[in-house]
Number of protein chains: 2
Amino acid sequence: MTDAGRRRGRPSTGVREAVLAATEAILGESGVARLSTKEIARRAGVAESSIFYHFGDRLGLLQAVVALHLPRFKDVADGLVPGEGGLRANLVALLDGLVAFYARVAPILAAVQADAELRARFADRGAGEVIGPRRGVAPIAAYLAGERELGRVRADLDVEAAAMVLLAVAHQRAVLGRLSDGPAPGGTGDAVDVLLAGLAAG
Amino acid sequence: MTDAGRRRGRPSTGVREAVLAATEAILGESGVARLSTKEIARRAGVAESSIFYHFGDRLGLLQAVVALHLPRFKDVADGLVPGEGGLRANLVALLDGLVAFYARVAPILAAVQADAELRARFADRGAGEVIGPRRGVAPIAAYLAGERELGRVRADLDVEAAAMVLLAVAHQRAVLGRLSDGPAPGGTGDAVDVLLAGLAAG
DNA sequence: GTCTATAAGTTGATAGAC
DNA sequence: GTCTATCAACTTATAGAC
C-alpha cells in the first residue's frame, strides 16, 4: 500500500480472493477433513495450480484463511458504551453478536483443532487468540470495567475472567448450533441472567 | 451378553480394541484432517483390511470412537453431594474435572465438527450431546438443584442454564489448552468466583 | 498470473488365502 | 478373524505453454 491503495506488481484478477472464498465456504459446509485443493479449485472456478502459485502449498492456503479471520475479532464489542442502555440488554446484545461471530469462525477454529500441521504453524503467534484471550477478551473487559466504574457492575469483579466466561458461552452456543442444526437449548437471555445474578444465595 | 459375560461367536483377539485405541491416539495427536486407515493399521499393528472387517468403513470406525465416549459423560458430576464440602470448593473441583474430561473428548468433538460426513451420521441421535445438553447438563443441574434446596444457591437460579455455563467454561479451557499447549490464562477459580458472585452490583 | 498436462504418492476399499 | 496382495480413484505438487 505505498501508492494510494495501489498494490505492487500486476493487478490481481481475483483468483486469490475466489480461492479464499471457496476454501472458507467448503470449510463451513464440510470441514477440513475432506478438504482438497481439487475441490477448492473447481468451486472457485480456477486452475488447481493457481492455488499453489498464490499460497505455496495447501497449508499456506489454510493459514491465509485463518489469518483473514483474526483481525475481525476486535469488532465484537463495537457499539457497546458503558452506561448507555440497560446492562442486561447490553450483555444480551453482546452475547448475540459473539454467537454470530463464532458461528462464522467455528469452522476455522475446528480446522485448526483437527489439523496438527495447521496447529503447529500457529503455535507461536497464538492461534488460541481466536477463541479467547488477548484479542477477544480485551475489548469486552474494557466495557465491563467501564460499567464497573459507573457502579452498574460489582466493584470487585474480575473483568477479564468475566469476559472469558462470556466468550465461552458464545463459543459453546455456536458449536452447539453447528452440531445440531438449530439454536442451542435455552436462550442467550437465560445465560445472561445466570451471569448477572450469580449462583450464590443472597 | 446373554451368557455370563461371554460374547457370541469367536473370541476377539484384541484387534478391534487396538484399532479403536490407535484411532483415538492419532485423533488426539494429529486430528481427523490427515487420519488414514493406513496409519491406524500401522499404529495398531494390524492389517488395514481388519479395520474394514470390524467397522465396515472409515466412517464406521470414527462413529465407533465417538460412541465410545458418549457414555462417559454421565460420570462428570460423580462424587458431588449437595451440602457436603464448601460450595466454592465443590464447583472448582467440578470444573477441574470437566476440563480434564473435555481435554480427552475435545479431539473427538473437533473431528465431528471438521468432518461433514461424520456430523451427518450423528445428526438425529444428538452429537451435540457430547458438548452440552441432555447428558452433560442433567447431573450438574441436579447437583445445583440440591444446593438450591439447601439454600446455598439462590432460590430463583435457572440450574440448567447455570450447568450450561459451567460446561461452556470447561470446554473453552480444554480447547484453549489444546491450541496453545498450556493451561488457559486465569485459573478455574477465577471463573468460579465470577459465576458465584455474578456481575451485577450489590 | 493463469492455464493444461502430468507425475509420484496416498487414499479407502475389496478379493481371496489361511 | 486376520492376513497379503491388489486396485482405481484421488491426493498434493510441479513443469511449461500462453
Side-chain angles (χ1 to χ4, degrees), chain A residues 6-27 29-66 111-112 114-121, chain B residues 6-27 29-66 111-112 114-121:
Chain A
R6 200 75 65 91
R7 281 200 179 75
R8 287 181 204 282
R10 297 284 167 79
S12 160
T13 39
V15 168
R16 199 190 145 92
E17 289 72 21
V19 168
L20 284 171
T23 306
E24 208 178 316
I26 298 172
L27 228 44
E29 291 163 24
S30 315
V32 246
R34 292 330 217 183
L35 182 73
S36 72
T37 50
K38 212 180 210 97
E39 195 193 345
I40 294 167
R42 192 184 52 71
R43 185 133 168 184
V46 304
E48 201 183 348
S49 60
S50 296
I51 295 174
F52 296 93
Y53 172 81
H54 282 287
F55 302 99
D57 60 5
R58 194 191 92 109
L59 228 60
L61 166 59
L62 287 175
Q63 214 176 335
V65 172
V66 176
V112 179
D115 191 321
E117 285 179 286
L118 188 56
R119 203 165 58 230
R121 283 218 194 170
Chain B
R6 199 77 62 96
R7 283 200 178 76
R8 288 180 204 281
R10 297 284 167 78
S12 160
T13 39
V15 168
R16 198 191 146 92
E17 289 71 21
V19 168
L20 284 171
T23 306
E24 209 179 316
I26 297 171
L27 227 45
E29 292 163 24
S30 314
V32 245
R34 293 331 221 180
L35 182 72
S36 73
T37 51
K38 217 166 209 116
E39 194 193 347
I40 294 167
R42 192 184 51 73
R43 184 134 170 184
V46 304
E48 199 184 351
S49 59
S50 295
I51 295 175
F52 296 93
Y53 173 80
H54 282 288
F55 302 99
D57 60 4
R58 194 191 94 109
L59 228 58
L61 166 58
L62 287 175
Q63 215 176 334
V65 172
V66 176
V112 179
D115 191 320
E117 285 180 287
L118 188 57
R119 203 164 59 231
R121 282 217 195 171

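Here is the naming used below: chain letters follow the sequence lines, and residue numbers restart at 1 for every chain.
B:Leu35 comes within contact range of the sugar-phosphate backbone alone, with a heavy-atom separation under 4.0 Å but no base atom that close. Residue A:Arg34 is in sugar-phosphate contact alone, with no base atom involved, counting any heavy-atom pair closer than 4.0 Å across all strands shown.
When distances run from any side-chain atom of A:Ser50 to the nucleotides D:dG1, D:dT4, C:dC3, the shortest one goes to C:dC3. Taking every side-chain heavy atom of A:Tyr53 into account, C:dG1 is the closest of D:dT12, C:dT11, C:dG1. Among D:dC3, C:dT11, D:dT12, the nucleotide with an atom closest to any side-chain atom of A:Ser36 is D:dT12.
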Working note: A:Leu35 + A:Ile40, criterion side chain to side chain contact (heavy atoms under 4.5 Å, CB included); need CA distance, chi angles, decisive distance, verdict. CA-CA 8 Å; A:Leu35 182 73; A:Ile40 294 167; 3.9 Å; yes

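A:Ala18 pairs by the side chain to side chain contact (heavy atoms under 4.5 Å, CB included) definition with A:Ala44, not counting sequence neighbours. Taking the side chain to side chain contact (heavy atoms under 4.5 Å, CB included) definition, one finds that A:Ala21 meets it with nothing, sequence neighbours left out. Under the rule for a salt bridge (Lys or Arg N to Asp or Glu O under 4.0 Å), A:Arg16 has no partner lying at least two apart in sequence or in another chain. Here B:Ala64 pairs with B:Leu20, B:Phe55 under the side chain to side chain contact (heavy atoms under 4.5 Å, CB included) rule; sequence neighbours left out.
Atoms CD (B:Glu39) and C1' (C:dA13) sit 18 Å apart, rounded to a whole Å. Distance, A:Arg42 CZ to D:dA9 C1': 16 Å, rounded to whole Å. Between the CZ atom of B:Phe55 and the P atom of C:dT14 there is a distance of 16 Å, rounded to whole Å. Atoms CD1 (B:Ile51) and P (D:dG1) sit 17 Å apart, rounded to a whole Å. Atom pair B:Glu117:CD and C:dG12:C1' shows a separation of 11 Å (rounding to whole Å applied). Between the P atom of C:dT6 and the NZ atom of A:Lys38 lies a distance of 13 Å, rounded to the nearest Å. Separating the NE2 atom of B:His54 from the C1' atom of D:dC3 is a distance of 12 Å, rounded to the nearest angstrom.
With respect to A:Arg58 and A:Glu117, no salt bridge is recorded, no charged nitrogen being found less than 4.0 Å from a carboxylate O.
Residues in residues 31-41 of chain B take part in these side-chain hydrogen bond (donor to acceptor under 3.5 Å, both in side chains) pairs, two or more places apart or across chains: B:Thr37-B:Glu48.
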What string of B, S and - do you get for nucleotides 13-18 of chain D, 5' to 3', when a contact is any protein heavy atom under 4.0 Å? BBB---

